[in-house]
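These notes are about the structure you will find just below.
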Amino acid sequence: MHTCIRKYFLFTNAVELGGSEISLGRSQQVFPEMVGLSVGEKYFIQGGIAQDLRSDGRKRLTPRPMFVETGVISQSNGSSRFRIGATEVIASVKAELGRPSVLHPDKGKVFINVDCSPTAAPIFEGRGGEELSAELSVALQRCLLGGKSGSGAGIDLSSLAIVDGKICWDLYIEGLVVSSDGNLLDALGAAIKAALSNTGIPRVNVAAGVEGDDQPEVDVSDEEFLQFDTTKVPVIVTLTEVGRHYIVDATSEEESQMNSAVSISVNRQGNICGLTKRGGAGLDPSIILDMISVAQSVSERLINTLDSKIAAAEAGEDVL
């Protein structure tokens with residue numbers, strides 16, 4: 001068995017596409033995958049993708065069936081468990097009162113952190129898990145929160161403001177990788193969307209008569225909650241290039257054979273919120289534009305399926 005380590009590179013700046021600012025950046029971390037394959041197995045995977053018949057029977061642009069469960073962590077404001085194949089992740093959302101930043105006094109703040117359980121894969125133990133956790137956290141920030149200016153953000157930060165320049169909600173989003181069989185970024189993005197759909201923000205009453213720089217008094221309700229609006233929260237679609245073709249929802253074995261991969265976050269309105277690239281092979285700009293078009297098409301079906309699963313989970317129905 002050998003270890004295949006693939007680097008995730010994020011582009012260096014923000015670009016304009018379709019009127020939206022897309023979040024791009026750079027990272028020197030790695031996403032590790034440990035897959036041991038014989039030469040025959042490699043040819044089998046590559047040949048199947050070339051023939052549009054993957055080793056698990058899926059076509060190139062067909063994702064694995066998903067499982068969604070919400071409300072799995074009682075101490076949080078919202079939470080979810082998400083599984084595709086043998087990849088399983090958990091996301092939780094905690095809301096706390098904070099102070100808006102000086103640059104964005106009319107907005108709240110969101111912090112995203114991912115932890116990779118050492119039981120998910122042996123390589124996640126020690127430094128390998130720390131590097132992967134940091135890289136996933138950065139990628140999710142860029143895919144969900146848009147550019148530095150806030151343009152294109154999938155999470156509406158203005159909805160978290162309470163008193164401009166003085167009080168806001170801070171959302172702490174935690175992701176946990178329980179088990180890994182590829183496509184971790186997309187799975188975490190879906191889990192976060194489900195957790196936000198399950199999130200209730202306490203109603204806040206602000207005392208009147210406060211002037212100047214004085215901090216207003218607030219009363220946080222223990223009984224009234226406002227449902228978090230996830231209308232514009234995107235899903236993440238990763239297109240993994242294997243040979244001359246690209247696939248969605250790659251398994252670990254398929255990721256070990258990739259040339260490169262592009263992850264694109266798309267919301268229900270079809271807007272691109274973020275884009276990241278991994279792998280050393282370069283991509284022609286026309287290829288990237290084609291990938292974006294495919295991701296928009298795939299995301300429409302993915303959002304419909306995910307929203308249906310979330311609604312069923314919230315209603316307590318069978319979510320398999």
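In this structure, the side-chain hydrogen bond (donor to acceptor under 3.5 Å, both in side chains) partners of Gln46, at least two apart in sequence or on a different chain, are Gln257. In terms of the salt bridge (Lys or Arg N to Asp or Glu O under 4.0 Å) criterion, Asp186 has no residue partners (sequence neighbours excluded). Residues forming a side-chain contact (heavy atoms from CB on, under 4.5 Å) with Ala95 (at least two apart in sequence, or on another chain): Asn77, Trp169, Leu171, Ile201. Listed by chain and residue number, Tyr172 satisfy the ring pair (Phe, Tyr, Trp, His ring centres under 6.0 Å) test with Phe111 (two or more places apart in sequence, or in another chain). Residues that satisfy the side-chain hydrogen bond (donor to acceptor under 3.5 Å, both in side chains) test with Arg60, not counting sequence neighbours, are absent from this structure. Taking the salt bridge (Lys or Arg N to Asp or Glu O under 4.0 Å) definition, one finds that Asp170 meets it with Lys109, sequence neighbours left out. With sequence neighbours left out, the side-chain contact (heavy atoms from CB on, under 4.5 Å) criterion links Glu88 to Arg81, Arg83, Val178, Ser179.
With Val237 as the partner, the side-chain contact (heavy atoms from CB on, under 4.5 Å) test is satisfied by one option alone out of Val248, Ile303, Ile292: Val248.
Taking the charged nitrogens against the carboxylate oxygens, Arg54 and Glu253 have no contact shorter than 4.0 Å, which rules out a salt bridge. Comment: Asp181 engages Arg64 in a salt bridge, judged by a side-chain N to carboxylate O separation of less than 4.0 angstrom.
Other cluster members for Val39: Tyr43, joined by side-chain heavy-atom distances under 4.5 Å among Ile, Leu, Val, Met, Phe, Trp and Tyr.
Side-chain atoms of Ser263 and Thr238 include a donor-acceptor pair closer than 3.5 Å.
Taking a 6.0 Å sphere around CD of Gln51, one finds it holds 12 or fewer heavy atoms contributed by other residues, nucleotides or ligands.
Across all non-hydrogen atoms, the minimal contact from Phe225 to Gly200 is CD2-O, 3.7 Å. Contact record, Ala191 with Ser80: O-OG, 2.6 Å, taken as the closest heavy-atom pair.
Separating the CG atom in Asn198 from the CD atom in Glu69 is a distance of 10.5 Å, to the nearest 0.5 Å. If you take CG on Leu160 and CG on Asp106, they are separated by 11.5 Å, rounding to the nearest 0.5 Å.
In this structure, the side chains of Ile90 and Ile73 come closer than 4.5 Å at one or more pairs of heavy atoms. Contact check for Thr251 versus Arg58: side-chain heavy atoms found under the 4.5 Å cut-off.
For Lys94 (side chain) and Gln75 (main-chain N/O), a donor-acceptor pair under 3.5 Å exists by modelled atom type. With Ser92 contributing its side chain and Ser76 its backbone, the two residues share no donor-acceptor pair below 3.5 Å. For the pair Asn113 (side chain) and Ser137 (backbone), a donor-acceptor distance under 3.5 Å is absent. Between the side chain of Glu255 and the main chain of Asn183, a donor-acceptor pair closer than 3.5 Å is present.
The salt bridge (Lys or Arg N to Asp or Glu O under 4.0 Å) contacts involving residues 199-208 comprise Arg203-Glu224, where partners must be two or more places apart or lie in separate chains. Here salt bridge (Lys or Arg N to Asp or Glu O under 4.0 Å) pairs that include residues 257-275, with residues two or more places apart or in two chains, are Arg268-Asp307. The stretch residues 288-315 participates, sequence neighbours left out, in no ring-ring contact (aromatic ring centres under 6.0 Å, His included) pair at all. For residues 285-302, the set of pairs meeting the salt bridge (Lys or Arg N to Asp or Glu O under 4.0 Å) definition, not counting sequence neighbours, is empty.
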Next item on the list: Assess whether salt bridge (charged side-chain N to carboxylate O under 4.0 Å, His left out) is satisfied between Glu314 and Lys309, documenting all intermediate values.
Entry: CA-CA 9 Å; Glu314 291 287 85; Lys309 294 284 186 180; over 6 Å; no
